[in-house]
Amino acid sequence: MPPKKKVRKRTINSDGDADNEVDSSPKPSLKRKASSSVEALEGTSAKQYCRWLMKSEPESRFENGIDVKFGIEDLKALPNQTSCWDGVRNYQARNFMCQMKEGQLAFFYHSNCKEPGIVGIMKIVKEAYVDHTQFDKKDVHYDARSNPEKPKWSMVDIQYQRMLKRFLPLSELKEYHLQHRTNGGPLKDIMLFTRPRLSVQPLTTEEFDFILSLEDQEPL
DNA sequence: GCCAACGTTGGC
DNA sequence: GCCAACGTTGGC
(Lines give C-alpha, C1' and ligand atoms only; values in the text may rest on other atoms or scores of the structure.)
Protein backbone atom coordinates (compact mmCIF):
# COMPACT_ATOMS: atom_id res chain seq x y z
CA MET A 1 0.00 0.00 0.00
CA PRO A 2 1.18 3.34 -0.77
CA PRO A 3 1.47 5.79 1.93
CA LYS A 4 -1.70 6.29 3.60
CA LYS A 5 -2.65 9.79 3.26
CA LYS A 6 -5.49 11.89 3.99
CA VAL A 7 -5.84 13.26 0.70
CA ARG A 8 -8.36 15.79 0.09
CA LYS A 9 -10.14 14.80 -2.92
CA ARG A 10 -13.69 15.62 -3.00
CA THR A 11 -17.18 14.88 -2.92
CA ILE A 12 -19.66 12.71 -1.48
CA ASN A 13 -22.49 11.22 -3.17
CA SER A 14 -23.41 7.79 -3.71
CA ASP A 15 -25.33 5.34 -5.50
CA GLY A 16 -24.45 4.20 -8.77
CA ASP A 17 -22.68 1.10 -9.22
CA ALA A 18 -19.43 -0.13 -9.31
CA ASP A 19 -17.44 -0.24 -12.25
CA ASN A 20 -19.45 0.91 -14.98
CA GLU A 21 -19.71 4.44 -15.11
CA VAL A 22 -22.72 6.27 -14.13
CA ASP A 23 -22.13 9.70 -14.92
CA SER A 24 -24.52 11.92 -13.66
CA SER A 25 -23.66 14.86 -15.56
CA PRO A 26 -26.46 16.43 -17.37
CA LYS A 27 -23.88 18.05 -19.43
CA PRO A 28 -24.07 17.45 -23.06
CA SER A 29 -20.75 16.42 -24.09
CA LEU A 30 -19.20 14.04 -21.75
CA LYS A 31 -20.74 10.76 -21.94
CA ARG A 32 -18.32 8.08 -21.59
CA LYS A 33 -18.02 4.55 -20.72
CA ALA A 34 -16.19 3.46 -17.79
CA SER A 35 -12.81 2.40 -18.52
CA SER A 36 -12.12 1.93 -22.04
CA SER A 37 -10.07 3.75 -24.44
CA VAL A 38 -8.88 7.20 -24.54
CA GLU A 39 -11.21 7.52 -27.37
CA ALA A 40 -14.24 6.93 -25.29
CA LEU A 41 -13.26 9.72 -23.17
CA GLU A 42 -14.01 12.72 -24.98
CA GLY A 43 -17.40 13.28 -26.20
CA THR A 44 -17.51 15.02 -29.41
CA SER A 45 -14.19 16.53 -30.08
CA ALA A 46 -11.40 14.27 -31.03
CA LYS A 47 -9.19 15.42 -28.27
CA GLN A 48 -6.97 12.95 -26.62
CA TYR A 49 -6.48 13.09 -22.96
CA CYS A 50 -3.27 11.81 -21.58
CA ARG A 51 -2.52 14.54 -19.11
CA TRP A 52 -4.38 15.42 -15.95
CA LEU A 53 -5.09 17.98 -13.32
CA MET A 54 -5.84 16.89 -9.77
CA LYS A 55 -7.05 19.12 -6.98
CA SER A 56 -6.26 18.91 -3.33
CA GLU A 57 -6.46 21.28 -0.40
CA PRO A 58 -3.17 22.51 1.05
CA GLU A 59 -4.71 24.22 4.07
CA SER A 60 -6.20 22.57 7.13
CA ARG A 61 -9.88 22.00 7.05
CA PHE A 62 -11.73 19.66 9.33
CA GLU A 63 -14.37 17.30 8.13
CA ASN A 64 -15.89 15.16 10.85
CA GLY A 65 -13.01 16.11 13.04
CA ILE A 66 -10.43 14.98 10.54
CA ASP A 67 -8.04 17.29 8.80
CA VAL A 68 -8.27 16.82 5.07
CA LYS A 69 -5.27 18.97 4.27
CA PHE A 70 -3.00 17.50 1.65
CA GLY A 71 -0.82 19.90 -0.29
CA ILE A 72 2.12 19.22 -2.53
CA GLU A 73 4.48 19.65 0.38
CA ASP A 74 2.70 16.81 2.12
CA LEU A 75 3.17 14.61 -0.91
CA LYS A 76 6.81 15.53 -1.13
CA ALA A 77 7.35 14.52 2.48
CA LEU A 78 6.11 10.96 2.03
CA PRO A 79 8.32 7.95 1.49
CA ASN A 80 9.07 7.79 -2.21
CA GLN A 81 7.16 11.03 -2.53
CA THR A 82 4.29 8.79 -3.49
CA SER A 83 0.70 8.62 -2.32
CA CYS A 84 -2.58 7.07 -3.21
CA TRP A 85 -5.17 9.57 -4.34
CA ASP A 86 -8.01 8.31 -2.22
CA GLY A 87 -11.28 9.89 -1.31
CA VAL A 88 -12.62 10.78 -4.72
CA ARG A 89 -16.39 10.42 -4.46
CA ASN A 90 -17.63 11.78 -7.70
CA TYR A 91 -18.36 9.58 -10.69
CA GLN A 92 -16.89 11.77 -13.34
CA ALA A 93 -13.70 12.25 -11.39
CA ARG A 94 -13.49 8.53 -10.70
CA ASN A 95 -14.01 7.69 -14.32
CA PHE A 96 -11.19 9.95 -15.33
CA MET A 97 -8.93 8.30 -12.80
CA CYS A 98 -9.83 4.96 -14.33
CA GLN A 99 -8.52 6.25 -17.64
CA MET A 100 -5.14 7.15 -16.27
CA LYS A 101 -2.16 5.20 -17.48
CA GLU A 102 1.07 4.60 -15.66
CA GLY A 103 3.65 7.18 -16.57
CA GLN A 104 1.25 9.94 -17.47
CA LEU A 105 1.69 13.35 -15.90
CA ALA A 106 -0.70 15.40 -13.85
CA PHE A 107 -0.64 18.90 -12.46
CA PHE A 108 -1.05 19.23 -8.73
CA TYR A 109 -3.63 21.96 -8.11
CA HIS A 110 -4.16 23.65 -4.78
CA SER A 111 -7.81 24.38 -4.13
CA ASN A 112 -9.91 26.01 -1.44
CA CYS A 113 -7.01 28.07 -0.17
CA LYS A 114 -5.51 31.53 -0.12
CA GLU A 115 -3.85 31.13 -3.45
CA PRO A 116 -5.54 28.59 -5.64
CA GLY A 117 -3.54 27.44 -8.61
CA ILE A 118 -1.12 24.92 -10.06
CA VAL A 119 1.97 24.23 -8.03
CA GLY A 120 3.72 21.22 -9.45
CA ILE A 121 3.80 18.07 -11.46
CA MET A 122 3.25 14.48 -10.48
CA LYS A 123 3.26 11.18 -12.29
CA ILE A 124 0.78 8.34 -12.28
CA VAL A 125 2.67 5.37 -10.87
CA LYS A 126 -0.16 2.94 -10.33
CA GLU A 127 -3.33 2.66 -12.35
CA ALA A 128 -6.79 2.59 -10.82
CA TYR A 129 -7.54 0.11 -8.06
CA VAL A 130 -10.02 -0.12 -5.22
CA ASP A 131 -10.06 2.81 -2.82
CA HIS A 132 -10.07 1.03 0.55
CA THR A 133 -11.19 4.16 2.40
CA GLN A 134 -14.74 3.68 1.17
CA PHE A 135 -15.07 0.75 3.60
CA ASP A 136 -13.40 2.41 6.55
CA LYS A 137 -15.99 3.78 8.91
CA LYS A 138 -13.44 6.05 10.46
CA ASP A 139 -12.43 7.61 7.21
CA VAL A 140 -13.87 10.93 6.17
CA HIS A 141 -14.82 9.46 2.87
CA TYR A 142 -16.44 6.32 4.16
CA ASP A 143 -19.31 5.28 1.93
CA ALA A 144 -21.88 3.14 3.65
CA ARG A 145 -23.44 2.29 0.34
CA SER A 146 -20.42 0.71 -1.17
CA ASN A 147 -20.17 -3.03 -0.99
CA PRO A 148 -16.83 -4.83 -0.89
CA GLU A 149 -18.15 -7.30 -3.42
CA LYS A 150 -18.68 -4.45 -5.75
CA PRO A 151 -16.65 -1.45 -4.77
CA LYS A 152 -17.77 1.87 -6.09
CA TRP A 153 -14.66 3.98 -5.75
CA SER A 154 -11.19 3.76 -7.15
CA MET A 155 -7.92 5.56 -6.70
CA VAL A 156 -4.53 5.75 -8.37
CA ASP A 157 -1.05 6.25 -6.95
CA ILE A 158 0.87 9.31 -7.90
CA GLN A 159 4.44 10.38 -7.34
CA TYR A 160 5.84 13.86 -6.95
CA GLN A 161 7.93 14.98 -9.90
CA ARG A 162 8.78 18.59 -9.41
CA MET A 163 7.51 22.02 -8.50
CA LEU A 164 6.77 24.41 -11.32
CA LYS A 165 9.39 27.11 -11.68
CA ARG A 166 6.72 29.50 -10.52
CA PHE A 167 3.26 29.19 -9.04
CA LEU A 168 0.51 29.52 -11.64
CA PRO A 169 -2.44 31.22 -10.03
CA LEU A 170 -5.96 30.36 -10.98
CA SER A 171 -6.53 34.02 -11.80
CA GLU A 172 -3.85 33.97 -14.45
CA LEU A 173 -5.12 30.75 -15.97
CA LYS A 174 -8.53 32.33 -16.07
CA GLU A 175 -7.28 35.35 -17.95
CA TYR A 176 -5.76 33.07 -20.56
CA HIS A 177 -8.93 31.06 -20.70
CA LEU A 178 -11.04 34.14 -21.35
CA GLN A 179 -8.59 35.45 -23.87
CA HIS A 180 -8.48 32.14 -25.70
CA ARG A 181 -12.20 31.86 -25.64
CA THR A 182 -12.43 35.12 -27.49
CA ASN A 183 -9.52 34.86 -29.84
CA GLY A 184 -8.86 31.19 -29.93
CA GLY A 185 -6.07 29.44 -28.12
CA PRO A 186 -5.22 26.29 -26.23
CA LEU A 187 -7.10 27.08 -23.03
CA LYS A 188 -10.38 28.00 -24.60
CA ASP A 189 -12.20 24.88 -23.41
CA ILE A 190 -10.15 23.94 -20.40
CA MET A 191 -12.25 22.07 -17.87
CA LEU A 192 -10.83 24.01 -14.98
CA PHE A 193 -13.33 26.66 -16.02
CA THR A 194 -15.91 24.78 -18.02
CA ARG A 195 -16.29 22.18 -15.20
CA PRO A 196 -15.07 24.13 -12.26
CA ARG A 197 -15.99 21.67 -9.57
CA LEU A 198 -14.47 18.55 -10.99
CA SER A 199 -11.58 17.46 -8.79
CA VAL A 200 -9.89 15.20 -11.30
CA GLN A 201 -9.85 16.39 -14.85
CA PRO A 202 -8.17 15.60 -18.13
CA LEU A 203 -6.04 17.96 -20.15
CA THR A 204 -5.14 17.68 -23.78
CA THR A 205 -1.44 17.77 -24.50
CA GLU A 206 -1.98 21.21 -26.01
CA GLU A 207 -3.51 22.45 -22.80
CA PHE A 208 -0.85 20.82 -20.69
CA ASP A 209 2.03 22.09 -22.79
CA PHE A 210 0.66 25.59 -22.90
CA ILE A 211 0.22 25.72 -19.15
CA LEU A 212 3.67 24.31 -18.64
CA SER A 213 5.17 26.96 -20.91
CA LEU A 214 3.79 29.62 -18.60
CA GLU A 215 6.34 28.75 -15.93
CA ASP A 216 8.95 30.40 -18.14
CA GLN A 217 6.83 33.46 -18.80
CA GLU A 218 6.40 36.50 -16.69
CA PRO A 219 3.18 36.50 -14.71
CA LEU A 220 0.42 38.35 -16.46
C1' DG B 1 -18.42 33.49 5.69
C1' DC B 2 -21.09 34.04 1.54
C1' DC B 3 -23.08 32.16 -2.17
C1' DA B 4 -23.39 30.55 -7.23
C1' DA B 5 -23.15 26.55 -9.76
C1' DC B 6 -24.28 22.19 -10.08
C1' DG B 7 -24.53 17.22 -8.65
C1' DT B 8 -27.50 14.02 -5.88
C1' DT B 9 -31.64 12.42 -3.66
C1' DG B 10 -36.15 11.12 -3.28
C1' DG B 11 -41.23 12.05 -3.71
C1' DC B 12 -44.49 11.67 -6.92
C1' DG C 1 -38.61 10.28 -15.48
C1' DC C 2 -39.42 14.96 -13.66
C1' DC C 3 -38.09 18.21 -10.63
C1' DA C 4 -37.70 20.54 -6.06
C1' DA C 5 -35.00 20.32 -2.14
C1' DC C 6 -30.77 19.63 -0.48
C1' DG C 7 -25.70 19.14 -0.22
C1' DT C 8 -21.10 20.09 -1.93
C1' DT C 9 -17.40 22.61 -4.21
C1' DG C 10 -14.55 26.14 -4.14
C1' DG C 11 -13.69 31.05 -5.56
C1' DC C 12 -14.05 35.30 -3.60
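Hydrogens, waters and symmetry mates play no part in the numbers below; they use all other heavy atoms, side chains included. Here is how names work: the chains are called A, B, and so on, in the same order as the sequence lines, proteins then strands, and each is numbered from 1.
Between the CZ atom of A:R89 and the P atom of C:dT8 there is a distance of 14 Å, given to the nearest Å. The nearest whole Å value for the distance from the NZ atom in A:K114 to the P atom in C:dC12 is 14 Å. Atom CD of A:Q201 is separated from atom P of B:dG7 by 13 Å (rounded to the nearest Å). Between A:R197 atom CZ and B:dC6 atom C1' there is a gap of 4 Å when expressed in whole angstrom units. Atom CE in A:M191 sits roughly 20 Å away from atom P in B:dA5 (whole-Å rounding). In this structure, CD of A:Q92 is placed 18 Å from P of B:dA5, rounded to the nearest angstrom. What separates CZ of A:R61 from P of B:dG1 is a distance of 13 Å, to the nearest Å. The nearest whole Å value for the distance from the CG atom in A:L173 to the C1' atom in C:dG10 is 15 Å.
Phosphate proximity of C:dT9 to A:K55: absent, as no side-chain N or O sits under 4.0 Å from OP1 or OP2. A sub-4.0 Å separation between OP1 or OP2 of C:dT9 and a side-chain N or O of A:Y109 is absent.
A perpendicular orientation is assigned to the rings of A:F108 and A:H110, their planes being inclined by more than 60° (bins at 30° and 60°).
Out of C:dG11, B:dG10, C:dG10, the shortest distance to the side chain of A:P116 is found at C:dG11.
No side-chain donor-acceptor contact under 3.5 Å links A:Q201 and A:W52. A donor atom on one side chain and an acceptor atom on the other are not found under 3.5 Å apart for A:S199 and A:R89. A:D189 and A:T194 are not linked by any side-chain donor-acceptor pair at a separation below 3.5 angstrom, with hydrogens and angles left out of the test.
Among the atoms of the strands shown, none is found under 4.0 Å from any heavy atom of A:F193.
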